[in-house]
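All remarks here apply to the structure that follows.
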Amino acid sequence: MATLFIGGTWRTGSSSEQREVVNPFDQSVVAKVDEATVEDVAAAVGAARAAFDAGEWSGTPAAERGALLRRVADLLVRDREDIARLETLDTGKTVRESRQDVDDVASVFRYYADLADEDPGRLVDAGRPDVVSRVVYEPVGVCALITPWNYPLLQVSWKVAPALAAGTTIVVKPSEVTPLTTVRLTELLEEAGVPAGVVNLVLGGGEVGAAMVEHPDVDMVSFTGGLGTGRSVLRAAAETVKKVTVELGGKNPNIVFADVDLETAVDNALTAVFLHSGQVCSAGTRLIVQDEIHDEFVAAVAGRAERIRLGNGFDPAAESGPLVSEQHRARVEEYVATGVREGARLVTGGRRPGEPELAGGFFYLPTVFADCRRDMRIVQEESFGPVLTVERFTTEEEAIALGNDTHYGLAGAVWTADTPRAERVARALRHGTVWINDFGPYLPQAEWGGYGRSGNGRELGPSGLAEYREAKHIWHNTAPAPARWFTG
Ligand code: NAD
């Protein structure tokens, strides 16, 4: 089956090249997908441009665009098992997580379906009775949506739903490592009745993404991925002064005060970092623990990390799957070697598991480093793997300083029984999301995004929709008369 979708037609790439999609659990080939060329990107952008300029989609009443998004949500629910299966084959994550992703994504489509026609703009007091001044919101134009491999369906939906609600037309490119659920979502968008040219799908690696970002007919880029790639995207987009939002990495502090319920905080510290083998932009990779409980806490986290059951995402007994690729595991291994060289104390993990039944997959053991210092590379740089670093603190001020000692600023958490302190620390942390006595939840209604080098712009919430809109001021003079500025 052809897997590029351009101008309402499924096509193969113009070079006829294909890419194998590999199951990270056993390296079997689960699918072959078409690879796009730069010419295919141009065709996809051309189709999106023509559809946008024709005005059919942006001119469709917002409530009808919302109704289409609601149909997509229903189709996601209908095909939940099939989509979850694809996501697990592609990423290696447990099918339980994949099902949760599908449910979350359906809620995101419903949220933007409701929001689509909620805000028609506003009247502004011009201070003159003969003038009607109003601000209206218009779709930004043609948008290039580029996503990573860790939450393929989720990340693409956070972009597609608000982009369509706003009335833009889109060219989508998922990560070359995990394209399957984005292909599936595109099929559902087609089934839901999206007009030809409004949604276009190209597949391929960085050069395909770069061609999208560079294309002069693209008005906006929404990118989620690594910091280095984000920088390239920002640089390339500068040439044509595109609107850009980038959601990049994170090095997220999880601060634990001594007054917590130890079992609860340990349990959550574990999920914070080891869920999906740490391949989560908001993973709580930096555990920051108060002196009094430090040793006990580290021992408990390490003990439980050793009991995490790795396995095939389809095995109900598996609690975590493999890393996404051989290349990524090599990156994590290099990172761990750096930690050892820097003098951090390896408490557990730091190697591949020995079980023969895991030997075919890209597995890596949950790893804990203690005695970490804030200036270590492993404390400052993202591993994007199952690696936890532990630092200690004495005072609240120190905890805040450590929590903010990062160029990133995506997410963080504070654990304490002292409510005023929890609020103080939450306010002081310079991160886009802060959890108090929890780690990880997000809501479609609440903005998601980063301070600092975690990116700019926001996804989800009303701001997630605003990214895809231009605000236009219309000044209507109902009684025009000569201005008489120039008198000659
Ligand atoms: P990546 O940066 O390697 O790739 C992301 C996407 O960009 C892929 O589709 C890739 O093909 C494409 N790409 C590569 N080079 C490009 C270029 N020059 N121009 C345009 N596109 C290009 O990231 P990844 O390894 O797929 O994902 C992991 C990263 O994503 C981590 O750093 C993680 O923190 C980040 N992430 C952030 C969030 C967030 O919400 N902030 C969410 C998920 C993942």
Side-chain angles (χ1 to χ4, degrees), residues 41-66 112 115-145 159 162-171 195 197-198 200 210-223 230-246 447 449 451 455-459 461-488:
V41 171
V45 172
R49 183 84 258 163
F52 186 79
D53 291 347
E56 182 195 344
W57 182 241
S58 58
T60 299
E64 276 179 39
R65 293 200 299 267
Y112 283 113
L115 211 62
D117 66 343
E118 229 184 36
D119 188 358
R122 65 186 202 276
L123 281 175
V124 177
D125 182 1
R128 277 173 45 176
D130 56 338
V131 168
V132 180
S133 163
R134 68 210 148 94
V135 173
V136 296
Y137 302 114
E138 297 183 344
V140 73
V142 174
C143 300
L145 313 181
K159 299 182 190 305
L164 294 182
T168 71
T169 61
I170 60 181
V171 180
V198 171
N200 303 274
M212 293 162 72
V213 178
E214 285 160 18
H215 202 293
D217 277 342
V218 169
D219 299 294
M220 169 178 167
V221 179
S222 175
F223 170 85
R231 284 193 178 112
S232 311
V233 166
L234 287 164
R235 269 194 293 268
E239 193 56 39
T240 42
V241 197
K242 290 179 173 53
K243 194 173 173 200
V244 189
T245 69
V246 290
E447 275 74 359
Y451 286 34
N456 58 42
R458 287 292 181 272
E459 298 200 291
S463 311
L465 180 60
E467 299 286 355
Y468 295 94
R469 286 174 159 171
E470 299 278 16
K472 177 186 280 178
H473 176 207
I474 299 179
W475 167 285
H476 184 172
N477 187 343
T478 60
R484 306 266 183 241
W485 179 278
F486 299 108
T487 53

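Every heavy atom of this structure was used, including side-chain atoms; hydrogens, water molecules and symmetry mates were not. Numbers here are sequence positions counted from 1. Since the structure is predicted, the reported quantities are computational estimates derived from the model, not experimental observations.
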Specify the closest pair of heavy atoms between Thr169 and Gly197, including all atoms of both residues, with the distance to one decimal. CB-O, 4.1 Å
If I take atom CG from residue Leu164 and atom OG1 from residue Thr60, how far apart are they, to the nearest 0.5 angstrom? 11.0 Å
Between Val131 and Thr478, the two heavy atoms sitting closest are N-OG1, 4.3 Å
Return yes when atom CZ of Arg128 has more than 12 non-hydrogen atoms of other residues, nucleotides or ligands closer than 6.0 Å, and no otherwise. yes
Do the side chain of Trp57 and the main chain of Phe52 share a donor and acceptor less than 3.5 angstrom apart? no
Determine yes or no for a side-chain-to-main-chain donor-acceptor pair under 3.5 angstrom, with Ser133 supplying the side chain and Trp475 the backbone. no
So how far is it from Glu467 CD to Met220 CE, rounded to the nearest 0.5 Å? 5.5 Å
Distance in Å, Arg235 CZ paired with Glu214 CD, rounded so as to fall on 0.5 Å steps: 12.0 Å
Is it the case that over 12 heavy atoms from other parts of the model lie below 6.0 angstrom from the CD atom of Glu56? no
Without hydrogens or angle criteria, can the side chains of Glu447 and Ser463 be said to hold a donor-acceptor pair below 3.5 Å? yes
Taking salt bridge (Lys or Arg N to Asp or Glu O under 4.0 Å) as the criterion, tell me which of Arg49, Lys242, Lys243 meets it with Asp219. Arg49
Please examine the side chains of Val244 and Phe223, heavy atoms only from C-beta on, and report whether any two atoms are closer than 4.5 Å. no
Who pairs with Asp117 by side-chain hydrogen bond (donor to acceptor under 3.5 Å, both in side chains), at least two apart in sequence or on another chain? none
Residues Leu115 and Gly461: closest non-hydrogen pair is CD2-O, 4.3 Å
By side-chain hydrogen bond (donor to acceptor under 3.5 Å, both in side chains), Ser232 pairs with (sequence neighbours left out) none
Using a strict threshold of under 4.0 Å (side-chain N to carboxylate O), is an ion pair present between Glu459 and Lys159? yes
Does Arg458 use its side chain to pair, donor to acceptor, with the backbone of Gly464 at less than 3.5 Å? no
For Val213 against Ala236, the heavy-atom pair lying closest together: CG1-CB, 3.8 Å
Nearest 0.5 Å, what's the CG-CG distance between Leu234 and Asn456? 6.0 Å
Is there a side-chain contact between Val171 and Val218 in this structure, where contact means two heavy atoms from C-beta onward sitting under 4.5 Å apart? no
I'd like to know if the side chain of Arg469 reaches the main chain of Ala166, judged simply by a donor and an acceptor atom lying under 3.5 Å from each other, with no hydrogens or angles considered. no
Which atom of Val142 lies closest to which atom of Asp217, heavy atoms considered: CB-O, 3.5 Å
Using every non-hydrogen atom in the two residues, find where Ser58 and Gly167 come nearest and quote the distance to one decimal. CB-O, 3.7 Å
For the side chain of Tyr468 and the backbone of Gly141, is there at least one donor-acceptor N/O pair under 3.5 Å apart? no
Look at the side chain of Thr168 and the backbone N and O of Ala163, then say whether any donor-acceptor pair between them is shorter than 3.5 Å. yes
Spacing of CG belonging to Leu145 relative to OG1 belonging to Thr245, to within rounding of 0.5 Å: 8.5 Å
